Amino acid sequence: METRNVDVAIIGSGTAGLNARRAVEKAGAQPLLIESGPYGTTCARVGCMPSKLLVAAADVAHEVADAGRFGIEVTRWKVDGPKMLERVRSERDRFVDAVVESTESLPAEQRLVGHARFAGPTTLEVDGHTRVNAKSIVIATGSSPVIPPPFDSIREHILINDDIFDLEDLPGSMAVIGTGIVGLELGQALQRLGVRVVFFTPFNDLGPFTDPEVIRVTHEILSSELDLQLKSEMLEAVPENAGIRLRFRDQHGEEHDEIFEQVLVAAGRQSNIANLDLENTGLQLDDRGRPNWNPRTTQVADAPIFMAGDVNGHIPLLHEASDEGRIAGANSVLYPEVEEHVRRTPLAIAFTDPQIGIVGKRYAELDLDTIEIGEVSFGNQGRARVMGRNQGLLRVYGGRKSCSIIGAEMIGPRVEHLAHLLAWVTQERMTVARALQMPVYHPVIEEGLRTALRDLARKLKVTGKCRLEDFATAPGN
Ligand SMILES: Cc1cc2nc3c(=O)[nH]c(=O)nc-3n(C[C@H](O)[C@H](O)[C@H](O)COP(=O)(O)OP(=O)(O)OC[C@H]3O[C@@H](n4cnc5c(N)ncnc54)[C@H](O)[C@@H]3O)c2cc1C
């Protein structure tokens, strides 16, 4: 077995690993990037990018299907499944190829192919061919789909997000298992592209919301378009010639039996931590095999080991993986003098229609005795009506003491933009009054945000310790 001695070994060449490598090199140390799978990252290959390409095609189909509402008659149109999927793949491949090219252009001594496992506190064994002794190690191994029973025993017959973009044509019918962000984005897109889709979940959840009012509105909106089997129990999944026969019990206790051409399992993701032999590090692990981890330093306990990206289970999103990769790379070189980094305001968006956004503190994390909630319904919002997209609710949370914006949950037309504005003002700890001084054009969806902020300001004036003169200086008040 060959032995390599390096400054920092990085396990995984996804977004977190690539950013860690760059930070290590920038700090003047020698990185080694170890990868067991293909280069190209989960985001570009099977995650963010191909899913948004599918959603983009579905948006076009939906606009055409909906054109009659605007008095525009489209007499002949169809979804050309193979051609549409070909575009998804060819655009996806451009993103992937760019990452693969830049990863392959790294110096050969910075790359190693194989599955890494811990053989000691700072020693890795890679596929039995190389032993790597490192001063520090960054774990950036990402996450994988959870495949619950009864689908775990028929893995070769079902689809996960890794497979779906490689379909040659759209199926006639599909069961989507899971109603989280990935299930809703992909399932709604497929339905709008003409696939008969039924969603299954044992829970009552739709997306990531915790605010009861936003949850209520989300159920209203999505159940009017999608076939949702909430609180259902999957009893059996049997592969047959025509597809997969699902036997399930609905929320009223009634049993059903239905064949779907394809089944997409999108029931959440789990961190790729189990097959790293972490017990060989001597670290204390909890009952799920996880070590103590600090989100500000990305350090594991007080060891020269750092965890970045989906693997740490903190916030499994692309921009968080990038940030954590950079923090982990820098601290792996600084060790033992690691630095704490201020993290960005949490921001999550789902590209459903209407879109979903969550910013800062979620409703479930709030102390309701110390906050006020401003809200706007998009049901009658000017620009939303103009676009024929007048559905949704935004709820924004403000602290009574600080009078600043601390978080929001929303579903509504193109709220990806409102979520960004709110994330920026939240991170700047802007008071509601200060946010209301910012310009807003007419007629735009952002006027809806201003309505919610005005509602919040009114409530804070009554209950908050805000300086009332602040509100008086806001133009238009
Ligand atoms: C369908 C879908 C849609 C998504 N959409 C979005 C979105 O719109 N916006 C967003 O922000 N996020 C989105 N995400 C999440 C985003 O893709 C992830 O947060 C991000 O890719 C995580 O990057 P990472 O570096 O942690 O992991 P990865 O990119 O998965 O990298 C981990 C790497 O480690 C390698 N590896 C694992 N174990 C070992 C080992 N023992 N030895 C060597 N190598 C190993 C793997 O092969 C892999 O290459 C989506 C995810 C999915 C699945």
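Along the sequence shown, residues carry numbers from 1. Remember, predicted model here, so these are calculated numbers, not experimental data. For ligands, and for the atoms within them, numbers begin at 1 and follow the listed sequence.
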Heavy atoms only, cut-off 4.0 Å: how does [X] contact ligand 1, side chain, backbone, both, or neither?
X	result
R269	side chain
K52	side chain
L318	both
A140	backbone
P316	backbone

Please could you name the atoms of ligand 1 that [X] approaches to less than 4.0 Å, counting only its heavy atoms?
X	value
N161	1 (C), 53 (C)
T42	21 (O), 28 (P), 29 (O), 30 (O)
A16	25 (O)
H115	40 (C), 41 (N), 42 (N)
G114	42 (N), 43 (C)
I34	43 (C), 44 (N)
G14	25 (O), 28 (P), 29 (O), 31 (O), 33 (C)
G309	26 (O)

Heavy atom of the protein closest to [atom] (residue, atom name, distance):
atom	result
atom 14 (N) of ligand 1	C48 SG, 3.9 Å
atom 34 (O) of ligand 1	G12 CA, 3.2 Å
atom 40 (C) of ligand 1	I11 CG2, 3.6 Å
atom 21 (O) of ligand 1	C43 N, 3.5 Å
atom 23 (O) of ligand 1	A321 CB, 3.8 Å

**OP:** Answer yes if the side chains of N331 and Q299 hold a donor-acceptor pair under 3.5 Å, and no otherwise.
**Re:**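 Short answer, no.
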
[options]: member with heavy atom nearest to [atom]:
atom	options	result
atom 22 (C) of ligand 1	V311, D310, L317, I181	D310
atom 51 (C) of ligand 1	G142, G47, G40, A116	G47
atom 39 (C) of ligand 1	T141, L124, I315	T141

Looking only at distances, can you tell me whether any N or O atom of [X], backbone or side chain, sits closer than 3.5 Å to an N or O atom of ligand 1?
X	result
S36	yes
S13	no
E35	yes

Original post:
V46 near ligand 1, heavy-atom distance under 4.0 Å?
Top reply: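 It does, in that a heavy atom of V46 comes within the 4.0 Å cut-off of ligand 1.
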
Original post:
Under the criterion salt bridge (Lys or Arg N to Asp or Glu O under 4.0 Å), which of R343, R344, R296 is the partner of D323?
Top reply: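 Of the listed residues R343, R344, R296, the salt bridge (Lys or Arg N to Asp or Glu O under 4.0 Å) partner of D323 is R344.
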
So, taking the atom named [atom1] in [X] and the one named [atom2] in [Y], what distance separates them when rounded to the nearest 0.5 Å?
X	Y	atom1	atom2	result
I273	D310	CD1	CG	12.0 Å
L184	D205	CG	CG	10.5 Å
T210	E409	OG1	CD	3.5 Å

Subject >> Qualifying residues under side chain to side chain contact (heavy atoms under 4.5 Å, CB included), relative to T123, sequence neighbours excluded >> reply: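 So T123 forms a side chain to side chain contact (heavy atoms under 4.5 Å, CB included) with A119, R131, N133.
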
**OP:** Look only at the side chain of Q188 and the backbone of D353, and say whether a donor-acceptor pair between them is shorter than 3.5 Å.
**Re:**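 Checking the backbone N and O of D353 against the side chain of Q188, a donor-acceptor pair under 3.5 Å is found.
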
Could [X] and [Y] be called an ion pair, given the rule that one side-chain N must be under 4.0 Å from one carboxylate O?
X	Y	result
E261	R196	no
D166	R92	yes
R155	D163	yes
R326	E339	no
E213	R216	yes

Original post:
Who passes side-chain hydrogen bond (donor to acceptor under 3.5 Å, both in side chains) against N161, sequence neighbours left out?
Top reply: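 Counting only residues at least two positions away or on another chain, N161 forms a side-chain hydrogen bond (donor to acceptor under 3.5 Å, both in side chains) with R269.
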
**OP:** Test side chain to side chain contact (heavy atoms under 4.5 Å, CB included) on F351 and E416 and set out the steps.
**Re:** CA-CA 8 Å; F351 296 81; E416 61 180 285; 4.1 Å; yes

Original post:
Quick one: which of R21, R111, E35 gives a side-chain hydrogen bond (donor to acceptor under 3.5 Å, both in side chains) with S13?
Top reply: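 So the option named by the test is E35.
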
